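Fair warning: this is a prediction, and the values are worked out from it, not measured in the lab. Naming: A, B, ... by sequence-line order, numbering from 1 per chain. Hydrogens, waters and symmetry mates play no part in the numbers below; they use all other heavy atoms, side chains included.
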There are 2 protein chains.
Amino acid sequence: MSKPTERDIAGIRARQAREDYNLFSRLPAVYAASRSQGQKFLQKGGGLSIVEWRTLWDLHEVGPMTIRDLATIQRADHSLLSRALPEMRRKGFVTMRRDVQDGRQTIVEIAEAGRAAYERAAPVMARRRAALHGVFSEEEIAAFVGYLDRMEEFLRIPIEEFLKEDTVE
Amino acid sequence: MSKPTERDIAGIRARQAREDYNLFSRLPAVYAASRSQGQKFLQKGGGLSIVEWRTLWDLHEVGPMTIRDLATIQRADHSLLSRALPEMRRKGFVTMRRDVQDGRQTIVEIAEAGRAAYERAAPVMARRRAALHGVFSEEEIAAFVGYLDRMEEFLRIPIEEFLKEDTVE
DNA sequence: AGAAATTATATGACTTGTCACGAATTATTT
DNA sequence: AAATAATTCGTGACAAGTCATATAATTTCT
């Protein structure tokens, strides 16, 4: 690290420091860290994947619902669930049946093995949430979520809105 | 939406509302929205991928650097860069050469086509950052980044730290 | 100097997420 | 009632990440 190599170390440091304040660059990193930590906790709690955990948790908390309901709650694309569910059914985690009232919908319900897997993972995940609440107060979480709300709102503005204006602000 | 189907609509709504305050569930969604918006902007600006854009931007700003430098600045795993760079070289975006001082390192430098691609994308991306600054003040960004810092710190605590304690907080 | 540890890179295998499109079903308009 | 529109789900194709492991080169330790 003392050898003079053909790059501008000070420039690199400076850029790094500046990028700390670039939200577009911070979000991927924070998300990746969150996913990674989540996967490790789940590993300790029986080996569920994140999608499996979220799905079992939702189904456990509110009962049977459609694929779309799950996607909406999880703020994810329906295709993610659509792809994960058949495997979960194979493992005996859930049952799936076509809705009688609306033939487009599939109703997903937690099953025996799913309940068992949930019970195994839940304590570890509860521990994680508790630890988070040891770091952030209620008010801080609300403030943080407020920023995320505003960020999300910004991110959902259709791109034309930005490019047509000649003056920003 | 008025037909009574076999699921607890109120429960689903309630869960959705509660999940709004679950940071672990908000982060993926906000990140995904950011990525998606970024891709759309890049589409308008010549069709670079996100990794390509970040890399060209870094190289343009600070000059030649190693793969590790790029990964550090971008807060990403080096393998992401390691995989993306050969294709970028093929497109004439960058050159790569083994460092003479340290034979482990590869020095990446922006090339002609890379500079051109950067120039095409930069205005659009600058527009995006400007728009963001129309939504968040300097102080707000600092506060937001502060929360992200603390969140990231929390997320990097080794898992054993959580599980060994018998009482949280 | 030689052994052991560290570091940089490449690569395989995997997860999470997107978008776009098609098929089936339901809802709305005319 | 028929035509049109909207919604649900499945699936292909892809991007952006991770981790683990291997190899080569450099540093550090004894």
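Looking at A:E52 and A:T55, their side chains never come closer than 4.5 Å, going by heavy atoms from C-beta outward. The shortest side-chain heavy-atom distance between B:D58 and A:I12 does not fall under the 4.5 Å cut-off.
For DNA chain D, the residues of residues 24-41 of chain A within the heavy-atom distance limit of 4.0 Å (strictly under) are A:P28, A:A32, A:R35, A:S36, sorted by number. Within residues 71-89 of chain A, the residues that have a heavy atom under 4.0 Å from DNA chain C are, in order of number, A:A76, A:D77, A:S79, A:L80, A:R83.
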Nucleotide N/O of nucleotides 3-6 of chain D paired with protein N/O under 3.5 Å:
none

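We find that CG of A:L155 is positioned 16 Å from P of C:dG17, with the value rounded to whole Å. If you take CG of A:D99 and C1' of D:dT8, they are 11 Å apart, rounded to a whole angstrom. For A:I107 and D:dC9, the CD1 to C1' distance is 14 Å, given to the nearest whole Å. Rounded to an integer number of Å, the gap from A:D102 CG to D:dC9 P is 8 Å. Note: CD (A:Q43) to P (D:dT18) measures 18 Å, nearest angstrom. One atom, CD of A:Q101, and another, P of D:dT8, lie 15 Å apart when rounded to the nearest Å. Distance A:M65 CE to D:dT8 P: 15 Å, rounded to the nearest Å. Here D:dC14 presents its P atom at 17 Å from CD1 of B:I50, a figure rounded to the nearest Å.
Separating the CZ atom in A:F24 from the CG atom in B:L132 is a distance of 4.5 Å, to the nearest 0.5 Å. With rounding to the nearest 0.5 angstrom, the CG atom of A:L48 is 6.0 Å from the CG atom of A:L42.
Alongside B:V100, the hydrophobic cluster contains no other residue (criterion: ILVMFWY side chains under 4.5 Å). Other members of the hydrophobic cluster containing B:Y31, listed by chain and number, are A:Y31; membership follows side-chain contacts under 4.5 Å among ILVMFWY residues, whether direct or relayed.
Between B:R54 and D:dA15 there is no side-chain N or O to OP1 or OP2 distance below 4.0 Å. Between B:R68 and the phosphate of C:dT6, there is no side-chain N or O to OP1/OP2 separation shorter than 4.0 Å.
Checked against C:dG17, D:dG10, C:dT9, the side chain of A:M96 finds its nearest nucleotide in D:dG10.
Residues B:R150 and B:E153 are not paired through a salt bridge, judged by the lack of any N-O separation under 4.0 Å between the basic side chain and the carboxylate. The existence of a salt bridge linking B:R75 and A:E19 is excluded, since no basic side-chain nitrogen approaches an acidic carboxylate oxygen closer than 4.0 Å.
Taking the six-membered ring for Trp and the full ring otherwise, A:F41 and B:F162 have centroids separated by under 6.0 Å.
For the pair B:R98 and A:E52, both in contact range of DNA chain C, the more 5′-proximal nearest nucleotide belongs to B:R98.
Using bins of under 30°, 30° to 60° and over 60° for the plane-to-plane angle, the ring pair B:F144/A:Y147 lands in the parallel bin.
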Show me the donor-acceptor pairs, under 3.5 Å and distance only, between side chains in residues 110-123 of chain A and residues at least two apart or in other chains.
none

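If you run side chain to side chain contact (heavy atoms under 4.5 Å, CB included) between A:I73 and each of B:Q16, B:R18, B:R13, only B:Q16 comes through.
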